[in-house]
Every structure is written in structure tokens, then in C-alpha cells.
Engineer: 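Dropping a structure here in C-alpha cells format, bear with me for questions.
Note on naming: letters A, B, ... go to the chains in the order of the sequence lines (proteins, then strands), and numbering restarts at 1 for each one. Treat the numbers as computed from the prediction; the structure is a model and nothing was measured.
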Number of protein chains: 2
Amino acid sequence: MEAYAMAGHLIRRLHQQSTQVFGQHAREAGFDVTSVQFAAMDAIRSHPGIDQAGVAALIAYDRATIGGVIDRLIGKGWVARSISARDRRAREVRLTPGGEAVFAALLPLVRALQDEILGPLSPGERAAFLSLARKALAVDPVQDA
Amino acid sequence: MEAYAMAGHLIRRLHQQSTQVFGQHAREAGFDVTSVQFAAMDAIRSHPGIDQAGVAALIAYDRATIGGVIDRLIGKGWVARSISARDRRAREVRLTPGGEAVFAALLPLVRALQDEILGPLSPGERAAFLSLARKALAVDPVQDA
DNA sequence: AGGAATTAATAGCTATACATATCATTTCCG
DNA sequence: CGGAAATGATATGTATAGCTATTAATTCCT
């Protein structure tokens, strides 16, 4: 049957390719950051003071996973965590000034590598792929949650 | 910028969706197997006596990862590993009779869940998506390596 | 008010995923 | 032939990724 010609396998390989492109560009630019960490920083930056569950919901993570991601971001000094005054179970997170600076430096880099993720596709094909991907996830085209 | 509207993020979520659909169906059918393990079994079944590096190359794994995957398949009694007579560094793997039986039982299940991975896409859209995905990976449409 | 249900994190467990280093073996080449 | 390079596995370390259970705190409901 050749499972490696099937949907799940193709998607797994796209994920590999995407992760590798991101990691390579980030490393070359001198940043030790993963695509997951960048996405978390983006969500935090857009919603300062959001709690961890909120971050998880925004970028579709498991809540148990997000804690470790944020731990590492705190370890780098890019994120600060504090106990919410409103709800003492919750941990509010926000970017530190250093985190803001790193994010600002990464942003153009990340924008620039987007096309590379989809490799040999033409601009029209890339748009078609992204549109189909959004539909396959049953997600609004551009959703600012 | 909302990184979670970008290519890498969409692909990651598709990967999540794909993994979850596979896991859910496999579990409901009473099998404790991941999509990665299934892909490895498929490659091994198509190439009995292949070595681990060969399996890794076929399905685009990291060589360091494949050992653990095969360890778990051996633990379930579905794969047998032996030292190659031709090259004593290499470990030849093949499905056991039990592994063959499990694979045969999984195969129709896996075929049936393919469409679900791409959720709300129409048949034509699914075909278009898969075609674009293959092109994005610079892979032959159907390649039996 | 007070117990029940819910929710936010965390901890522990399993499974990818990949980089690097190491070891054993084989192949390549002068 | 014999040392160098290459190759197949394994070991180690880091980073997702998600499940379940647990703890702490809040909210809901009677």
C-alpha cells in the first residue's frame, strides 16, 4: 500500500520540512528558538498578561505542553510569568523587553522564510495550498482570536 | 503578525489532526499503534529483511529515531530483528506472523480514515491538496522506493 | 453558606524527532 | 595490504506533543 504516499505521511513530512527550514534560518541568524517557541511568543505579545491556558488555546497546544515551552522561554529571559491577582490558579505571561527585542528581530526573518517552507510551489500554488489547509482545519482564513 | 495563520503553523495543526484521527480510530479498533509505527510496518512489510537505515530512508525518519520505534514494535511482538550476515553492523528487520496479521487488520482501517484527515475538504479539494503537498516536498507522485 | 463541579497548572509517562558523539564494522583508496 | 573515510547502530540530551492524575483555587448550584 505504501503508507508513505498517504495524507498523514505527507503531512508529517511537510511538518519536518517546515521545522527544519525554521530551525536552520533561526540558527543561522544566531537565535536559539524553535517555531513553537516563536508562535508562543507571538501569541503572548499580542495578548500581554494572557494566562497559559489562553496561550494554549490560541495556538492549539496541549495545556500540559505549553508549560514546558514557557519554562524554556523564561529560561532564556524572554518571558516573565506571574501569578494572576484575578485568579490565583492562573499564571500570567508577558514578553520581557529582551523578549520583545528578540521577537522584533525574528519577525522579518520568519516572514521571509514562509515561502521556503512550501519549497517548489509557485505563488499561486502556495496560496491554494494554504487556503486548502485552512479549510481542512475548519478555521477562519484569518482569525485574530 | 499572528504566526498562527502562517504556513508552518497550519502544517503543525494538520499534523496534530492527522495524528489524532489515526490514534482515535486505531484505539477504537483495539490496536495500540501510532501512525509512525504503522508506516514503519508498511515499509518493513514491503521490504522484508531491510535494515534500519533502509527503513529510515524509505519513510524519511531520522536514523536515531527509528531504533526506538522498532524497539517498541519488537516489544509488541510484531517485528523481529536480527544481525545481518552480509554486514554485521546492520540489523535486519521483518514482520512476525503476528505483525503481518495486525498489519492486515489495520490496512482497511487506515485506508478508510484517510479522508477524515482532510476533514471538510471535498474529494476534488483533497486530491488537489495531496498533489500540492507532494510537489511541496519535491517527491514523485507515487514512488515505490 | 457549603459541597460539587470546573478550571489552571504541574507532574509523570510514553512517543516522536533530531543533533551529536561513540563504537563497531566495512569499504575505499593509495 | 593498511590506514582513512564512510556507514549502521546506539547512547545521550533537548524539545515537542499529548494523556492521565493530582493539587490548588474558583465558580456553580442548591
Engineer: Report yes if at least one side-chain N or O of B:Q52 is closer than 4.0 Å to OP1 or OP2 of D:dT10; otherwise report no.
Structural biologist: yes
Engineer: C:dA24 P sits how many Å from B:I83 CD1, rounded?
Structural biologist: 13 Å
Engineer: For C:dT16, does either OP1 or OP2 sit under 4.0 Å from a side-chain N or O belonging to B:R72?
Structural biologist: yes
Engineer: To the nearest Å, give me how far apart CZ (A:R27) and C1' (D:dA15) are.
Structural biologist: 13 Å
Engineer: Give a yes or no on whether a salt bridge exists between B:E100 and B:R45, defined as a side-chain N under 4.0 angstrom from a carboxylate O.
Structural biologist: yes
Engineer: Quick one: on DNA chain C, does A:R91 or A:H15 contact a more 5' nucleotide (nearest heavy atom)?
Structural biologist: A:R91
Engineer: Starting from P on C:dA8, measure out to CG on A:L58 and report it in whole angstrom.
Structural biologist: 13 Å
Engineer: Please report, rounded to the nearest Å, how far the C1' atom of C:dT14 is from the CG atom of A:D62.
Structural biologist: 13 Å
Engineer: Any side-chain to backbone donor/acceptor pair from B:S131 onto B:A127? Under 3.5 Å, distance only.
Structural biologist: no
Engineer: For A:Q37 and D:dA15, is the shortest distance between a side-chain N/O and OP1 or OP2 below 4.0 Å?
Structural biologist: no
Engineer: With respect to the side chain of B:V36, which nucleotide from C:dT10, D:dA25, C:dT16 is positioned closest?
Structural biologist: C:dT16
Engineer: Assign each of A:I50 and A:Q20 to its nearest nucleotide of DNA chain C by heavy atoms, then name whichever residue's nucleotide is nearer the 5' end.
Structural biologist: A:I50
Engineer: Side chains of A:R12 and A:H9: any donor to acceptor distance under 3.5 Å?
Structural biologist: yes
Engineer: Using a cut-off of less than 4.0 Å, is there contact between a side-chain N or O of B:R12 and OP1 or OP2 of D:dA17?
Structural biologist: yes
Engineer: Could you tell me how far apart B:D71 (CG) and D:dT10 (P) are, to the nearest whole angstrom?
Structural biologist: 7 Å
Engineer: Respond yes when some side-chain nitrogen or oxygen of A:R63 is under 4.0 Å from OP1 or OP2 of C:dA9, and no when none is.
Structural biologist: no
Engineer: From the list C:dT25, C:dA9, D:dT26, which nucleotide is the closest neighbour of the side chain of A:D87?
Structural biologist: D:dT26
Engineer: So what does A:T65 hit on the nucleic acid, given a heavy-atom distance under 4.0 Å: a base, only sugar-phosphate, or nothing?
Structural biologist: base
Engineer: Could you state the atom-to-atom distance from CZ of A:F22 to C1' of C:dA19 in whole Å?
Structural biologist: 18 Å
Engineer: OP1 or OP2 of C:dC18 sitting under 4.0 Å from any side-chain N/O of A:T19?
Structural biologist: no
Engineer: Does A:R89 get its side chain close enough to the base of C:dT7, under 3.5 Å, for a donor-acceptor pair?
Structural biologist: yes
Engineer: Which whole-number value in Å describes the distance from A:Y61 OH to D:dG18 P?
Structural biologist: 9 Å
Engineer: Which is true for B:A64 with a 4.0 Å heavy-atom rule: it touches a base, it touches only sugar-phosphate, or it touches nothing?
Structural biologist: base
Engineer: Is the shortest side-chain N/O distance from A:T34 to OP1 or OP2 of D:dT16 below 4.0 Å?
Structural biologist: yes
Engineer: Do B:V55 and B:V93 make a side-chain contact, defined as non-hydrogen atoms from C-beta onward lying under 4.5 Å apart?
Structural biologist: yes
Engineer: Would you please confirm or rule out a distance under 4.0 Å between OP1 or OP2 of C:dA17 and any side-chain N or O of A:Q16?
Structural biologist: no
Engineer: Using a strict threshold of under 4.0 Å (side-chain N to carboxylate O), is an ion pair present between A:E125 and B:K135?
Structural biologist: yes
Engineer: Using whole Å, report how far CD1 of A:I70 lies from P of C:dA9.
Structural biologist: 8 Å
Engineer: Is the distance between the ring centroids of B:F38 and B:F31 under 6.0 Å?
Structural biologist: no
